[in-house]
Amino acid sequence: MGDASTYFYGHYNPAGDILVIFICLVFLILMHSSFITKSDSFVRFRAAVIMLLITGFFSLGFHLSLLKLDVIPHGVTYALLGLYHVSYYVIFLIYIHYMKLPLRVGPKMAKRVFIPACIVCGLGALYEFIFPFTDWGFRILEDNKIVEGLNLFPYIYIYCALTVIFLLFYHRKRIYRQVIVGITASCVISFVILFIQILANHSSYTVASFLFPTFSVLYMIHSNPYNLESGAVDAFAFEKLLEYAHRNDKELILMGMYLPDLDHEGAEYPEHMKELIRQFAAEFFHGATLFQFTNGRMILVADVAKNPDHEQVINRMLNRLDKEFPLFRVPFKVVIMKTMDRIGMERDYLGLALYAESLMPLNSVHFIENKDVDEFLKRKYILQELQDICRGGDLEDPRVEVFCQPVLNIETKKYDTAEALMRIDLKETGRIFPDVFIPLAEEHGLIHGLSLVILHKTCKRIQKMMEEGYMIQRISINISALELRDDNFCGDVSRVIRETGIPFEKVAIELTESQNESDFMIMKNKISQLKENGIKFYLDDFGTGYSNFERIMELPFDIIKFDRSLVLATASDQKSEMMVSHLAKMFSDLDYAVLYEGVETPKDEENCVRMNAKYLQGYKYSRPIPMEQLTEYFEKAE
């Protein structure tokens with residue numbers, strides 16, 4: 001028993017609670033200002049922080065009221081003490097309820113844990129509000145002397161804290177080990193603080209002891225980029241780790257895994273697969289970190305110096321992979337590499353992995369070699385040059401070359417049309433062909449910029465040849481179906497042609513039929529718009545893969561280009577020749593002109609002429625030549 005001043009000054013200092021109040025305010029400001037996914041678990045966690053802030057005020061109010069017992073009614077002090085302790089119980093119940101979500105606690109376990117916790121905390125709360133009327137607990141006597149009595153709070157505190165730790169360890173296989181270690185360690189530190197308080201007969205830092213688990217959860221789960229189940233970290237942290245390693249000459253081993261069937265939002269991993277990935281992240285390499293980029297793409301990174309046996313470790317992991325992944329029936333691709341001086345930018349490691357994956361079959365493992373790096377760096381250089389071409393917007397950019405392949409007109413036996421073909425000539429690689437740069441340009445949204453350059457140069461060449469008196473019916477250029485999605489496509493094409501002053505009918509556009517319904521409608525609309533100006537359209541690559549006659553008839557093409565595969569098929573098979581011949585005759589009857597491409601021999605030519613050809617194109621007549629050499633084939637008007 002003691003007086004209020006001794007109780008206050010000897011056992012309590014308000015600095016601890018004041019600090020808690022301001023730290024909680026900072027937490028709430030950071031949670032509001034930073035990007036954190038507002039999940040159900042985060043909402044519960046935020047409620048716990050708000051409750052901790054309120055608890056700090058109750059603690060401060062209660063202890064300050066002890067200084068003014070002669071002024072403040074005793075009932076107010078009792079109420080503040082009761083609210084102070086009850087708010088703790090609410091925090092504990094929020095935390096236990098919170099842990100149910102990230103740990104995926106089942107309904108039975110939730111009832112076994114949460115209901116007893118509610119009962120214990122409920123009884124504790126009831127005790128807080130009945131002890132003033134008994135001789136058991138904290139009491140204020142008539143002369144303002146204080147009797148501390150029986151305090152149940154420390155026991156309930158320990159019970160609830162142990163319940164949280166029990167949940168963590170019972171479900172430890174469902175959560176990344178480092179997260180468990182971080183949160184448990186912070187709880188232990190809180191126990192140590194309380195133990196020291198008890199030994200020192202002090203009560204200033206009871207509320208503050210809650211800050212450590214709170215900060216741990218905020219950092220490890222909501223602010224830190226850990227994925228609770230796999231232990232993966234996000235892409236930003238990946239770049240920072242590689243940057244640090246490069247700066248400090250650390251060699252790292254990188255093991256990338258791609259799961260294409262799970263690489264979409266909402267895809268669920270099989271439970272045993274989650275456990276296996278956690279083991280890969282935590283148990284094989286020493287000090288390894290798993291980074292997750294998309295739902296189905298991750299890279300495990302480990303320090304070579306800490307893992308001198310990394311080759312044996314990788315073999316053990318791959319053996320485990322071969323043994324267990326077939327059970328999941330989830331296809332995979334695994335890429336393994338080490339950091340190297342040749343890769344200058346951290347994000348290039350992910351790009352290298354993506355490039356290697358694009359060439360791999362499913363359910364395979366690939367170790368990155370120097371030739372892979374050579375090809376990747378070449379592609380990177382080409383992509384940078386393509387980006388520079390499109391960014392510059394120079395329609396005369398010398399890096400874009402136009403080659404042409406003359407087309408023979410069967411009726412006139414003359415060359416009056418041609419197909420323009422793009423080449424890219426770069427300083428470090430020399431001339432590059434379309435099979436290399438077109439996929440890159442399409443993937444990165446650069447194809448339309450390149451097409452405008454070749455269109456402009458083709459129009460300028462047509463203009464020059466017309467001025468020189470050459471008979472030129474048209475020159476076609478190839479357009480990617482992806483370009484048609486651009487709202488400005490028709491306007492850009494019309495503008496480029498109009499600026500050169502040539503008739504629109506001197507230009508043709510070659511398109512490959514789209515299988516996508518929305519793309520088909522877009523193609524139909526764009527063709528109709530440009531045909532109003534007089535531009536001709538070719539259906540390219542007829543006879544390869546997908547061909548829908550109903551769709552073709554809906555599209556206002558002028559010329560159907562039969563692929564070389566049809567030319568080859570008719571050379572040795574009478575049925576194929578009959579079928580192709582009838583198709584060509586049908587198109588001709590419907591006012592489509594038929595062009596056979598890939599004509600290489602006199603026999604090819606003879607077959608195609610017999611099969612209703614109007615135009616012929618191929619190596620028999622000319623390989624693709626620089627556009628300036630077209631005058632060697634075209635004739636001047638007499």
Side-chain angles (χ1 to χ4, degrees), residues 35 176-179 181-182 219-221 223-259 276-318 320-321 332-360 365-381 383-384:
F35 176 77
Y176 190 46
R177 186 174 61 185
Q178 273 81 337
V179 175
V181 171
Y219 180 78
M220 298 294 291
I221 297 178
S223 294
N224 197 55
Y226 275 125
N227 177 292
L228 285 184
E229 296 182 347
S230 66
V233 186
D234 65 12
F236 178 75
F238 175 75
E239 291 188 13
K240 289 300 179 183
L241 175 62
L242 290 175
E243 180 183 327
Y244 172 80
H246 182 76
R247 191 169 58 246
N248 293 275
D249 296 322
K250 288 182 174 291
E251 186 179 22
L252 303 177
I253 186 83
L254 289 79
M255 187 172 182
M257 176 181 285
Y258 176 51
L259 307 171
L276 182 61
I277 292 173
R278 284 194 295 271
Q279 291 175 355
F280 279 1
E283 296 179 13
F284 282 88
F285 287 111
H286 297 293
T289 304
L290 183 66
F291 298 89
Q292 187 151 13
F293 301 88
T294 61
N295 197 62
R297 189 184 305 281
M298 56 197 75
I299 295 180
L300 184 66
V301 181
D303 191 334
V304 171
K306 294 179 180 179
N307 296 274
D309 61 340
H310 60 271
E311 293 183 358
Q312 292 86 346
V313 171
I314 290 174
N315 287 332
R316 290 201 301 271
M317 294 175 72
L318 294 180
R320 185 81 178 275
L321 193 71
F332 66 88
K333 295 182 181 182
V334 171
V335 176
I336 300 171
M337 71 185 98
K338 289 184 180 179
T339 51
M340 56 194 81
D341 293 335
R342 297 178 63 194
I343 304 294
M345 298 179 66
E346 289 70 31
R347 63 178 64 92
D348 285 345
Y349 286 98
L350 177 59
L352 178 56
L354 294 174
Y355 168 68
E357 287 169 8
S358 69
L359 304 176
M360 295 168 57
V365 177
H366 181 71
F367 289 84
I368 295 293
E369 300 176 351
N370 282 329
K371 63 180 182 180
D372 298 312
V373 180
D374 292 339
E375 283 300 314
F376 169 72
L377 293 177
K378 177 182 176 181
R379 284 167 57 88
K380 179 186 174 184
Y381 168 70
L383 176 59
Q384 290 173 337

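Positions are given from 1 along the sequence.
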What do the steps show when you test T339 against K250 for side chain to side chain contact (heavy atoms under 4.5 Å, CB included), and what is the final call?
CA-CA 8 Å; T339 51; K250 288 182 174 291; over 6 Å; no
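Under a 3.5 Å cut-off, the side chain of Q292 and the backbone N or O of N295 do form a donor-acceptor pair.
Aromatic ring centres of F293 and F238: separated by under 6.0 Å.
Rounded to the nearest 0.5 angstrom, E357 CD and L352 CG are separated by 10.0 Å. I314 CD1 to L321 CG: the interatomic distance, rounded to the nearest 0.5 Å, is 12.5 Å. From K306, atom NZ reaches atom CD1 of I253 across 15.0 Å, with rounding to the nearest 0.5 Å. We find the CG-CG distance between N307 and D309 to be 6.5 Å, quoted to the nearest 0.5 Å. Here the CZ-CZ distance, from R316 to F284, works out to 7.0 Å after rounding to the nearest 0.5 Å. With rounding to the nearest 0.5 angstrom, the CE atom of M257 is 7.0 Å from the CZ atom of F332.
Counting heavy atoms of neighbouring residues, nucleotides and ligands inside a 6.0 Å radius, atom CG of N248 exceeds 12 of them. Heavy atoms from other residues, nucleotides or ligands lying under 6.0 Å from NZ of K338 number more than 12.
Considering every non-hydrogen atom in both F285 and M317, the closest pair reads CE1-SD, 3.5 Å. Closest non-hydrogen pair, A245 versus L252, comes out as CB-CD1, 3.5 Å.
Between Y258 and I299 there is no side-chain heavy-atom pair separated by less than 4.5 Å. Counting heavy atoms from C-beta outward, Y355 and K380 have side chains that stay 4.5 Å or more apart. Residues H366 and I368 meet the side-chain proximity criterion, which asks for heavy atoms closer than 4.5 Å. For the pair D303/H286, no side-chain contact is recorded, criterion being any heavy-atom separation below 4.5 Å from C-beta on. Residues I343 and M337 fail the side-chain proximity criterion, which asks for heavy atoms closer than 4.5 Å. Looking at E375 and L359, their side chains never come closer than 4.5 Å, going by heavy atoms from C-beta outward. I277 is listed as a side-chain neighbour of M298, based on a closest heavy-atom distance under 4.5 Å.
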